[in-house]
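FYI, side chains are in, hydrogens and waters are out, and symmetry mates aren't considered; it's all heavy atoms of this structure. Numbered from 1 within each chain, the chains take letters A, B, ... in sequence-line order. Being a predicted model, the structure only gives us computed values, none of them experimental.
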Amino acid sequence: MTSPDQNPLPPQYEAAPTEASWYPRWTEHGVFTADRDRAADREPFVIVMPPPNVTAVLHVGHGLNNTVQDVLIRWRRMAGDEALWVPGTDHAGIATQNVVEKQLTAAGQTRFDLGREAFVERVAGFVEQTGGEILNQLKAIGCSADWTRTAYTFSPELSVAVREAFVRLHEDGLVYKGHRVIHWCPRCGTSLSDEEAEFTETAGKLYHLRYPLADDPTQSVTVATTRPETMLGDVAVAVHPEDERYAAMVGRELQLPLNGVRIPVVADSYTDPAFGSGAVKITPAHDANDFEVGKRHSLAMPVVIDAEGIVREGDGAAGRVPAELAGLDRFAARKQIVAMLEAAGALVKIDAHPHSVRHCYRCDTVVEPRLSNQWFVRMQPLAEKALTALRSGELRILPDRWEAVYVNWLEGIRDWNISRQIWWGHRVPVWYCDHCHAAPIVSRTDVTACPSCGGTVRQDEDVLDTWFSSWLWPISTLGWPNADAADLAAFYPGDVLVTAPEILFFWVSRMVMSGCWFMGKAPFHTVYLHGTVRDMQHRKMSKSLGNGIDPLDVVRLYGADALRWTMVAGLGLGVDVMLDPTDLDKSFAPGRNFCTKLWNIGRFLLSRVGEEPVQPVSALSADALSAADAWILARLDAAIAECDAALGPARPANGATWTAAERSRGLRLSEYAEAARRFVWNELADWYLESIKPRLAADSGVDREVARAVLAHVFDHALRLLHPIIPFITEALWHHLPQTSADAFLAQAPWPVARAEDTLSASERANAARFDTAQQAVQSIRQVRSEYAVNPGAFVSAVVMPTGGDDAAFAALSGVIGSLARATVTISPDAPAEAAASVVTPLVTVHVPLAGMIDLDKERQRLSGEITQLDTQLTALLGRLGNEKFVAKAPVAVVEAERAKAAEWQGRLDAMRTKLTQLGA
RNA sequence: GGGCGAAUAGCUCAGUUGGUUAGAGCGCCUGUCUUACACACAGGAGGUCGGGGGUUCGAGACCCUCUUCGCCCACCA
């Protein structure tokens, strides 16, 4: 036996050196590298990492997202799948450009000072230098991605995919260029998609303006607007065709205040007669709805606000902007215009008007709707396929309530504005010839001369929305569009996509569309949407609020495993994770405590097991097992089954589509963690280890060898169960087990398989059950000790009566019960005569005679209290059993269970009443 | 304005087709430094499952309604 001083493991778990030594060993041995040849005869299991922005710094949201993926990928790797986790980064067009532009601003420059080419080079250089650091940070939290396949949305390979997608969609008739009112960010100087222009509730104002009739200034129409500055671009006032109030006005002309432009009153059912005055000013160039109205009535579309958000005369707006307003910022102009309108008597009133205003998702600037020429993808045909994938069961979303949201969005899908007026990104692969008027050339390869006239060409200035490369991620990272891409053949379609609900539309739905459109299959069968990390006030953690947690701080303080455990254990399906950024000690206590506990379990257990070889458990005869041995082996089976049930199924059983029964199962990570934790802590440590200490203390003997074998087996399997969540500490401990070979990795060790219930002998099962009885005996004695404040050091004597009579085999447990409960135990079928405290449980009745120590009154009171309680419950139970309808209608199994329960309660009640009599009540 | 979801212990949450005395973690109370672990061990308190109504032999679970939160979508100027 190894004495504690010879223990090879330090008394405190040191995360930092453990993590620093194991991660490189995994990667050096290619543990995370997927092999497409192996994928031929195993199931591949593929996750593509949501690529973080290339300039991003790891925050706790990334930590959560990637920990979840790592848990799944490590689980499947151990379960025998060919696991592939594709990592990478996103070039993040607007976001990255903004970062570099900020640097330029600090140096008093703009991107225009540099020019396009130099600017793009500068951004590329910036990315080269600082980009991708986040991937190294992911290594620090243990992520087992296949770094040999690291991808980047702006790499040459992925650029090929982007062009292919654009050109093919164009060939399919799904890409077009159109003059539309789009969301425009004046700060970023670019258009935005609907999804990129986010609503913020704003306490706005509704300005009511009076527009007089051109030929009769005594009459007027009042219109309401939230953006009075747009009145300079008004081309009409619309009223509802059936609105009698305005019937006489339709067709007449109004004169715009300030610029005197004459505009017609038109009838259009877009107008809601119940809102405001029932008359709407129409500004086609600066409002998407007005644009539609304008088209219907063939109205002009003057642009009065430019790309920087400055009021000035743009296309078709000559004579519309008074000199004193030209050049003003749109918000300054608003103030000025309101003042001028008031002076002119055209301002009727201003109402408070809370409403939603769109903001740029990158810089939060108020979005300006603006007429411009943009590229769009016609989404309806793509959306159809994405809907079919979900409805056919090819795809599922967990939690399933998000499926309705997904369907709702796809059914109401609108065309996707994919062009951006920035410089950092995939340039639109379209060329124009200035010489002849040939149609624009859409090409997979760069075009240098016009194919029609041979003249010079110029490429479209716009770049593509960054999501236009991300939406190809599951196929482009595997080699699409290369026809002979081996990875694509071996690993597509993938399995699970793990992300937050925020980007269900931005990214997830579009990936499904691109996968279905280009590959004919959805890129994954499961979308797992996890919650958001929030602080104690339920606010989302963010840099600007200053309530974030740096995962690397947590790693430094408590280790990556503690971080991972805390997040996973708190991660109910789709539930937000609450952490307190001001108290990391408390927030990460679950992970830190569990890791420490596990370390100590390992330290103790391994020192007792020693380095001598152990027998495999399968070689032990069932007769050699003690009750505790049989029990812990049974508990291990149960724990494995619970972990499997919480995690799985890994894929649809039929390989193609989810059945209704499977559809919402699995990926309950917190349940998995809890099942594993309970086994290790509450069963292995609290009961098994405690109960076999005496056996291990013996110098030799068969019994000690059996205990060593069981210990080594059970701990080995426990570490396997835990490894996906806490990879470092488990790997480190595993290598101290005598049966572990030096060149193996826990990360690649087979996932445990529970023994089938029917392979166990009846005697082994009875043996295991006996330990349950012993546990209840121990707890009962402890309860009495505590109740009567017995001196902690003192031994009490106890008479244990197992339900079901004296069990000769049970007598062997008296020593175990005694040592766990600090008692001298007698196993007897008969109650002792003398007065004693007693506890009656379903499996056992325990009497603890505490001569002179028992407060008889207190014990009588306690017993009669328990009797009253149980009697009430028994009465209710008997009432139910006496109910004819219950007996007739309830399932037989339920009725029988209730009868058995009633009998048991009756027995316990009798025992307690006998006891009470003995106490002289 | 539509749609969806939630309300269970002080806090964060489980509770799988209705069926034992509703659970876990953290927190709280009482003991204990019992040589693996005080980041621990042992014992304990705490819930009429948001209110009301209904279906059922039986409801935390199903239906209706009210209240309070949260999320998503939307062209109310």
Side-chain angles (χ1 to χ4, degrees), chain A residues 3-5 7 9 11-13 199 206 223-227 230 238 270-272 274-277 279-283 287-293 353 355-356 399 401-402 404-405 408-409 412 501 504-505 536 538 558 562 566 569-579 585-587 589-608 645 661 664-665 668 670-671 674 677-678 685-686 689-690 693 779 782-783 785-787 789 792-793 821-822 842 869-870 873 876-877 880 883-891 893-895 897-898 900-901 904-905:
Chain A
S3 75
D5 355 299
N7 200 310
L9 302 177
Q12 192 73 32
Y13 172 59
F199 282 107
L206 193 58
V223 296
T225 180
T226 54
R227 296 183 296 148
T230 62
Y270 155 68
T271 308
D272 175 5
F275 186 89
S277 61
V280 194
K281 61 193 264 318
I282 301 298
T283 323
D287 184 285
N289 297 306
D290 292 6
F291 174 76
E292 296 300 324
V293 176
H353 183 64
H355 65 136
S356 294
R401 68 189 127 95
W402 286 101
V405 178
N408 188 39
W409 184 76
L504 182 60
F505 306 137
M536 300 321 277
H538 297 194
Y558 317 112
T566 301
L571 195 66
L573 186 65
V575 172
D576 290 342
V577 178
M578 309 296 171
L579 296 171
D585 233 37
K586 185 180 167 187
S587 290
R592 181 203 55 190
N593 294 358
F594 181 58
C595 288
T596 305
K597 181 69 182 181
L598 181 65
W599 184 256
N600 276 294
I601 292 168
R603 216 158 69 83
F604 173 69
L605 181 151
L606 291 166
S607 74
R608 301 307 139 113
S664 63
R665 294 200 179 280
R668 267 62 174 184
S670 58
E671 290 175 29
E674 173 57 20
R677 188 204 64 82
R678 195 184 52 238
D686 289 348
L689 276 180
E690 292 300 330
K693 276 180 177 176
Q779 283 172 324
R782 284 173 177 167
Q783 204 180 316
R785 292 182 63 108
S786 178
E787 184 89 9
R822 287 177 175 263
Q869 198 187 342
L870 189 57
Q873 282 161 353
L877 184 55
R880 218 178 313 157
N883 184 327
E884 284 170 25
K885 283 184 180 169
F886 169 69
V887 177
K889 291 194 175 183
V894 171
V895 177
E898 301 264 286
K901 190 170 63 178
E904 182 218 309
W905 285 3

_Using the side-chain heavy atoms of A:D686, tell me which of these nucleotides is nearest: B:rA74, B:rC71, B:rA42._
B:rA42
*How does protein reach along nucleotides 20-25 of chain B, written 5' to 3' as B (base within reach of a heavy atom under 4.0 Å), S (only sugar-phosphate), or - (no contact)?*
BB--SS
*Do A:L9 and A:L606 touch side chain to side chain, with heavy atoms closer than 4.5 Å?*
yes
_Using every non-hydrogen atom in the two residues, find where A:K281 and A:T283 come nearest and quote the distance to one decimal._
NZ-OG1, 3.0 Å
*Distance in angstrom units between A:R822 CZ and B:rU32 P, rounded*: 13 Å
*Out of B:rC57, B:rG44, B:rA36, whichever nucleotide has its closest atom nearest the side chain of A:Q783*: B:rG44
*Watson-Crick or G-U wobble partner of B:rC57, both distances under 3.5 Å*: B:rG19
*Name the closest nucleotide to the A:E671 side chain, picking from B:rA42, B:rG15, B:rC73.*
B:rG15
*asked:* To check you understand the geometry: which heavy-atom pair defines the closest contact between A:W599 and A:Q12, and what is its length?
replied: NE1-C, 3.8 Å
*Using the C1' atoms only, state how far B:rG60 lies from B:rU21, rounded to an integer number of Å.*
15 Å
_d(CD, A:E292; P, B:rC75) in whole Å_ = 11 Å
*asked:* From C-beta outward on A:N593, which listed nucleotide comes closest to its side chain: B:rA77, B:rA36, B:rA40?
replied: B:rA40
